[in-house]
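Just so we're on the same page: letters track the sequence lines, and every chain starts at 1. Every value quoted in this text rests on a predicted model; they were computed, and no experiment measured them.
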Amino acid sequence: MTNPLISLIVISLRLHLKKAVLLEVSAAIKAAFGFFATVLFRLSAGGGFPVVFVVTEDKTLRIKGQQEKTYHPLREANRKNRAGLCVNNIDTQLISAHPCAAAKEMHQLKNTIISLKDITVSYDGEQILGGFNLEIHDGEFVTLLGPSGCGKTTVLRTIAGFIRPDAGDVFFYDKKITSLPPHRREVNTIFQKYALFPHLNVYNNIAFGMRLKGRSEKEIKETVHRMLAMVNLTGYAHRGIGQLSGGQQQRVAIARALANEPKVLLLDEPLGALDLKLRKDMQSELKKIQQQTGITFVFVTHDQEEALSMSDTVVVMDGGVIQQIGTPTDIYNEPRNAFVADFIGESNILDGIMQEDYSVRFAGHTFRCLDSGFGKGTPVDVVIRPEDIKVVEPDATLIAGDVTAVTFKGVHYEIIVDVSGFKWMIQSTEGRRVGDRIGLVLTPDDIHVMPKSEYSGMYGDYSTFSDEMDEDRNASMERKALEEADAPEEKDTAEAADAMREANDPKEGGADEI
Amino acid sequence: MKSDSKLLSAPYTVWMTVFIVLPMLLVGYFAFTDRSGSFTMENILSVGQYSNVFLRSIWLGAVATVVSLGLGYPLAYIVSKMNARRQNVMVMLVMLPMWMNFLLRTYAWMTLLEDNGLINSMLAAVGLPRVHMINTAGAVVLGMVYNYIPYMILPLYSVLTKIDRSVIEAAQDLGASSREVFLKVVVPLSMPGVISGVTMVFVPAVSTFIISKMLGGGGNLLIGDLIDMQFLGSAYNPNLGSAVSLVLMVIILICMGIMNQFDDGEAAGGGGMLI
């Protein structure tokens with residue numbers, strides 16, 4: 001047992017001593033300890049012998065055993081150090097001009113920073129999560145998206161440490177942190193209702209975490225002011241929390257969390273309480289901050305538009321189960337089942353039968369499509385996005401129907417067409433009148449085929465459209481009321497209006513193509 | 001509308017004028033006059049000779065307040081963390097003694113603390129020496145704490161339950177251990193409750209006379225007893241009694257003013273006043 005261990009110590013010491021001058025000593029020691037632990041675990045787990053260590057040319061250490069794996073102790077330490085530097089140097093102007101190189105590199109490395117393994121959580125006998133698995137990568141902007149009660153906040157609170165799972169484990173890099181209390185985890189949370197300390201002013205709120213860590217007052221002062229600059233609140237340091245508007249409180253909460261230099265920032269529907277314009281503004285601000293700092297963001301929301309516009313990766317959840325993980329474009333263009341298709345954007349979901357590869361029959365006709373591998377005669381769900389459908393004269397195409405409702409949405413019209421009982425939604429820049437007979441054209445590109453799932457049949461056509469319209473109207477009225485209530489925030493609203501115009505631009509571009 | 005609401009408050013306005021403002025003015029009048037009704041400063045000046053009584057009252061009141069806070073805070077904190085049903089039961093238990101008549105409660109302590117009382121009998125039964133407890137300052141403090149501690153616990157409890165759970169989680173999230181959460185978040189946020197609890201225990205404790213009379217004997221004369229003696233007792237002198245009351249009122253006002261200075265520093269945290 002002694003021989004390989006000693007050689008291992010010698011090798012790693014040699015490796016580290018060379019770089020130790022450049023690295024922070026503590027980082028090197030930390031990396032070394034983590035490394036030893038991993039190797040020792042390997043030794044004991046694999047029965048130990050014979051284990052051969054090879055120092056390769058690129059100074060990584062290779063362990064030959066049942067499974068060959070490369071360890072990069074130096075890169076690990078290096079990367080950690082760079083990440084630290086990157087967070088230390090947050091400066092809005094500076095970094096927006098020179099995007100943090102380390103952040104980009106970290107993203108490319110795609111190291112798993114948080115992983116949840118078989119997490120089971122129950123409240124009062126009701127199971128919220130059952131055998132939940134998720135991996136979150138370093139530097140990623142991950143959004144957990146789903147309707148209320150789908151377990152997304154439970155996932156977040158499990159990562160933060162507020163919930164101890166009944167079963168399963170949480171890992172931070174390779175370290176098991178399942179039973180680590182929240183105050184000892186290197187993650188910070190932005191709470192739904194901000195949760196600022198009402199007895200402290202802005203400055204002391206932001207300094208709270210650093211004071212606990214025993215930072216010098218000089219360092220704290222510098223960091224607080226840097227953070228305030230980052231969230232555009234310079235000069236607000238000595239305001240009381242009660243003197244701030246909702247949007248400003250939100251930004252203090254962001255500054256307070258980031259001042260702690262977390263490895264992972266957890267955001268629990270942080271924009272839910274803001275009105276629409278401010279929300280758009282904060283969306284782009286958060287995205288900017290994430291890109292500047294390179295910190296991993298785990299964002300929880302039920303707003304699909306928010307999820308699509310901000311995230312690198314979207315995790316769509318329902319009933320405590322991940323329905324789909326993917327990039328926003330994947331999720332939108334290739335929904336895996338009817339739930340995802342319905343929850344993300346608008347969709348017409350029809351029952352279909354696969355005729356053969358690249359051919360599907362629905363709505364009484366057979367269409368060419370781009371999907372294959374389902375097997376002949378398999379029942380499937382067919383998704384057609386309303387903006388993909390082209391409107392023509394009724395006799396020029398296979399599908400024709402009567403317009404039953406038209407809503408003007410600004411960018412486009414939403415037209416409901418009754419095609420032999422099934423109500424389609426079409427988004428078109430050209431308005432139609434109720435009672436018009438129109439034809440619908442679908443190209444193979446517009447048709448997306450999904451396997452049948454438990455959600456099949458739950459979301460079909462738009463025959464309940466009037467109800468949805470009512471909901472829509474209620475929502476916009478609520479928003480208006482909120483805006484009126486937030487009247488003193490004129491400056492913010494003006495800023496937000498700009499941001500909103502920006503946010504709307506791509507949409508207009510998209511509408512032109514239809 | 002406006003005249004309506006004024007009309008509604010009229011009965012209390014009249015009541016207040018007749019039974020609160022007028023008597024106060026009368027107290028003021030008596031304090032600055034002699035028996036014949038002519039103006040004099042003698043009453044106020046002679047209050048000085050009872051300074052030991054004042055000091056004892058304030059001292060014992062302060063000790064009782066501190067003990068109540070020391071005992072009441074942990075209890076209120078623990079209760080505020082229980083589930084809703086247990087909280088209700090606990091609050092009930094705290095209030096239960098208050099349903100019993102004040103005199104009876106204090107009288108019960110007499111029988112417990114007496115040299116031949118229940119406690120001493122029990123001590124003797126197990127062969128321990130008897131302890132002299134009745135007619136001591138300690139007995140007075142005990143009586144004060146026993147009678148007034150609910151007034152400490154209830155405002156504390158009401159403030160502690162109002163502290164937003166997410167604020168505590170935020171502190172944990174930022175790296176605070178449970179001790180640090182308590183000291184840096186819970187305690188500052190509960191200050192309004194502490195202030196109103198302290199006020200509600202200190203003020204009646206300073207001016208009590210039943211407790212000191214029953215449990216303190218003759219050697220622990222308090223301001224309350226002094227005033228009692230001037231109006232109802234042997235040393236009948238309402239003018240002096242009024243002067244003592246007036247001085248006591250000023251002292252309490254000063255104390256409350258100092259306390260409220262602390263409260264102003266804390267921006268928010270939810271109203272601590274239960275009544």
Among B:A171, B:G175, B:S178, residue most engaged with chain A (heavy-atom pairs, under 4.5 Å):
B:G175
Please check if the distance between the ring centroids of B:Y77 and B:F182 is under 6.0 Å.
yes
Is B:R105 reaching over with its side chain to a backbone N or O of B:P97, donor-acceptor style, under 3.5 angstrom?
yes
The interface call for A:L200 against chain B, heavy-atom contacts under 4.5 Å, is neither
At a heavy-atom separation under 4.5 Å, does A:N188 approach chain B through its side chain, its backbone, both, or neither?
both
What part of A:R256 gets within 4.5 angstrom of chain B, counting heavy atoms only: side chain, backbone, both, or neither?
both
If you count heavy-atom pairs under 4.5 Å between each of B:I168, B:V167, B:D173 and chain A, which one has the most?
B:D173
For the residue pair B:S68 and B:V201, what are the closest heavy atoms and their distance?
OG-CG1, 3.9 Å
Interface check, chain A: of B:E169, B:K184, B:Q172, most non-hydrogen pairs under 4.5 Å belong to B:E169
Closer than 3.5 angstrom, by distance alone: can the side chain of A:R239 be matched with the main-chain N or O of A:N201 as a donor-acceptor pair?
no
Between A:E222 and A:R226, does any NZ, NE, NH1 or NH2 come within less than 4.0 Å of an OD or OE carboxylate oxygen?
yes
When you measure from the side chain of B:S212 to the backbone N and O of B:L222, does any donor-acceptor pair fall under 3.5 Å?
no
Region of B:E180 in contact with chain A, defined by heavy-atom distances below 4.5 Å
side chain
